[in-house]
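For reference, the structure discussed in these notes is given below.
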Amino acid sequence: MLRFAITLLAVLTSSTCQKHGCLEGDTHKLKPYPEPKMQECTLYSKFSCCYADFTEQLAHSPVIKVGDSYWNRCGQLSKSCEDFTKKIECFYRCSPDAAYWTHPNDTAAIQAVPLCQSFCDDWYEACKDDSICVRNWLTDWEWDKNGENHCKDKCIPYHEMYANGTDMCQSMWGESFKVSESSCLCLQMNKKDSIAIKYILSKSSEESSSSSSSSSEEHACQNKLLKFEKLKQKEGEQSR
């Protein structure tokens, strides 16, 4: 009983610390709080790990540069591809939930964030005809003395660099993301994530439990998501 109590306390303490903290990146706050004047990444405005002025870099299309990293080394991204790239950037920079997946060897990085297969497929479809010169955006650039990124190799279409959405999601940001086997216990970088994260964390705290517990979390997540979608549909009909 004592061992169980100590384990439970450790889980709760860890979850609490992560819930109210942020990654330790160079643009991250120590703790999240509201940023009502955000121009982009507004999904996280009520509880944000980035400052509103950071989002000014993402507010105008085409996005040229974020920090010292240029997005246009192979030409401007198409609007559809840029929109997905913004979602990833916003999650990393601004989401208070990103800290749940802090990389064990780098507190400024994330590891194995579960993305939905549908999100990865849609992202790939949006970018497949754009051009890119690096497979891993985190490690494959050549950086000059000013800290700015440059291509080492020639630019090629995304569909030549990556085989499919799964390959892209699990390669472009190194170990940062993985494609989830679940269609619900995964992130889509939209409002539905708040539902998914609740059940993902519940599942993570029961890693030693049986597979039936995992399937029950999946079932509960699907039911909650269905209710959410019905509510949004009803709100949309009432606003017409």
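The basis for the numbers below is simple: all heavy atoms, side chains too, and nothing from hydrogens, waters or symmetry mates.
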*Do Trp173 and Val113 come within less than 4.5 Å of each other through their side chains, counting heavy atoms only?*
no

_Is there a path of hydrophobic side-chain contacts, each under 4.5 Å between heavy atoms, that joins Leu43 and Tyr51?_
no

*Is the shortest heavy-atom distance from the side chain of Val66 to the side chain of Phe54 under 4.5 Å?*
yes

*Is the shortest heavy-atom distance from the side chain of Ile200 to the side chain of Leu187 under 4.5 Å?*
yes

*Start with the C-alpha gap between Asp121 and Lys128, add the side-chain angles, then the distance that decides, and say whether salt bridge (Lys or Arg N to Asp or Glu O under 4.0 Å) holds.*
CA-CA 10 Å; Asp121 291 344; Lys128 67 178 183 180; over 6 Å; no

*Taking all atoms of both residues into account, what is the closest heavy-atom pair of Asn149 and Arg73, and its distance?*
O-NE, 2.6 Å

*Do Met38 and Cys50 come within less than 4.5 Å of each other through their side chains, counting heavy atoms only?*
yes

_Donor-acceptor under 3.5 Å (Thr55 side chain, Gln39 main chain)_ = yes

*Looking at Ala109 and Leu23, what are the two nearest heavy atoms and their distance?*
O-CD2, 3.7 Å

_Ignoring hydrogens and geometry beyond distance, is a side-chain donor-acceptor pair present between Gln222 and Ser183 at under 3.5 Å?_
yes

*asked:* With a 4.5 Å cut-off on side-chain heavy-atom distances among I, L, V, M, F, W and Y, is there a chain of contacts connecting Ile197 to Met189?
replied: yes

*Glu181 atom CD, over 12 foreign heavy atoms within 6.0 Å*: no

*If you take all heavy atoms of Ala196 and Cys221, which pair is closest and at what distance?*
CA-SG, 4.2 Å

*With respect to the side-chain SG atoms, do Cys151 and Cys74 come within less than 2.5 Å?*
no

_So that I can confirm a possible disulfide, could you see if the SG-SG distance for Cys81 and Cys127 falls below 2.5 Å?_
yes

*Where does the angle between the aromatic ring planes of Phe91 and Trp101 fall among parallel (under 30°), tilted (30 to 60°) and perpendicular (over 60°)?*
tilted

*Can a cation-pi geometry be assigned to Lys87 and Phe84, taking NZ or CZ under 6.0 Å from the six-membered ring centre and within 45° of the ring axis?*
yes

*What pair of heavy atoms forms the shortest contact from Ser78 to Asp130, and how long is it?*
N-OD2, 2.5 Å

*asked:* Whether the side chain of Tyr124 engages the backbone of Tyr162 through a donor-acceptor N/O pair (distance < 3.5 Å, no angle test) should be reported.
replied: yes

*Under 3.5 Å: donor-acceptor pair, side chain of Asp144, backbone of Gly147*: yes

*Leu185 and Glu218, any side-chain heavy atoms less than 4.5 Å apart*: yes

_Main-chain N/O of Trp137 paired to Trp141 side chain as donor or acceptor, under 3.5 Å_ = yes

*Considering only the SG atoms, does Cys155 lie under 2.5 Å from Cys133?*
no

*asked:* Any carboxylate oxygen within less than 4.0 angstrom of a Lys/Arg side-chain nitrogen, looking at Asp167 and Arg135?
replied: yes

_Are Tyr100 and Tyr33 connected into the same hydrophobic cluster when the rule is that any two of I, L, V, M, F, W, Y join if their side-chain heavy atoms are below 4.5 Å apart?_
no

*Of all heavy-atom pairs between Gly25 and Tyr92, which one has the smallest distance, and what is that distance?*
CA-OH, 4.3 Å

*State, to 0.1 Å, how close Val179 and Cys120 come at their nearest heavy-atom pair, and which atoms those are.*
CG2-SG, 3.8 Å

*Of Glu148, Glu89, Glu56, which meets salt bridge (charged side-chain N to carboxylate O under 4.0 Å, His left out) against Lys65?*
Glu148

*Do Gln117 and Thr166 have side-chain atoms, one donor and one acceptor, less than 3.5 Å apart?*
yes

*Are any of the side-chain heavy atoms of Ile132 and Met172 separated by less than 4.5 Å?*
yes

*Do the side chains of Lys152 and Val134 get nearer than 4.5 Å, heavy atoms only?*
no

_From Cys49 atom SG to Tyr44 atom OH, the distance as rounded to the nearest 0.5 Å_ = 10.5 Å

_I'd like to know if Cys41 pairs up with Cys90 as a disulfide, counting it only when the SG to SG distance is below 2.5 Å._
yes

*Lys224 atom NZ: more than 12 heavy-atom contacts under 6.0 Å*: no

*Using modelled atom types only, decide if a donor and an acceptor are shared between the side chain of Ser194 and the backbone of Lys191 within a distance under 3.5 Å.*
yes

*Without swapping roles, check the side chain of Glu35 against the backbone of Ala52 for a donor-acceptor pair under 3.5 Å.*
yes

*Are Tyr199 and Leu115 in one and the same hydrophobic cluster, where Ile, Leu, Val, Met, Phe, Trp and Tyr link if side-chain heavy atoms are under 4.5 Å apart?*
yes

*Glu82 side chain near Leu58 side chain, heavy-atom distance below 4.5 Å*: no

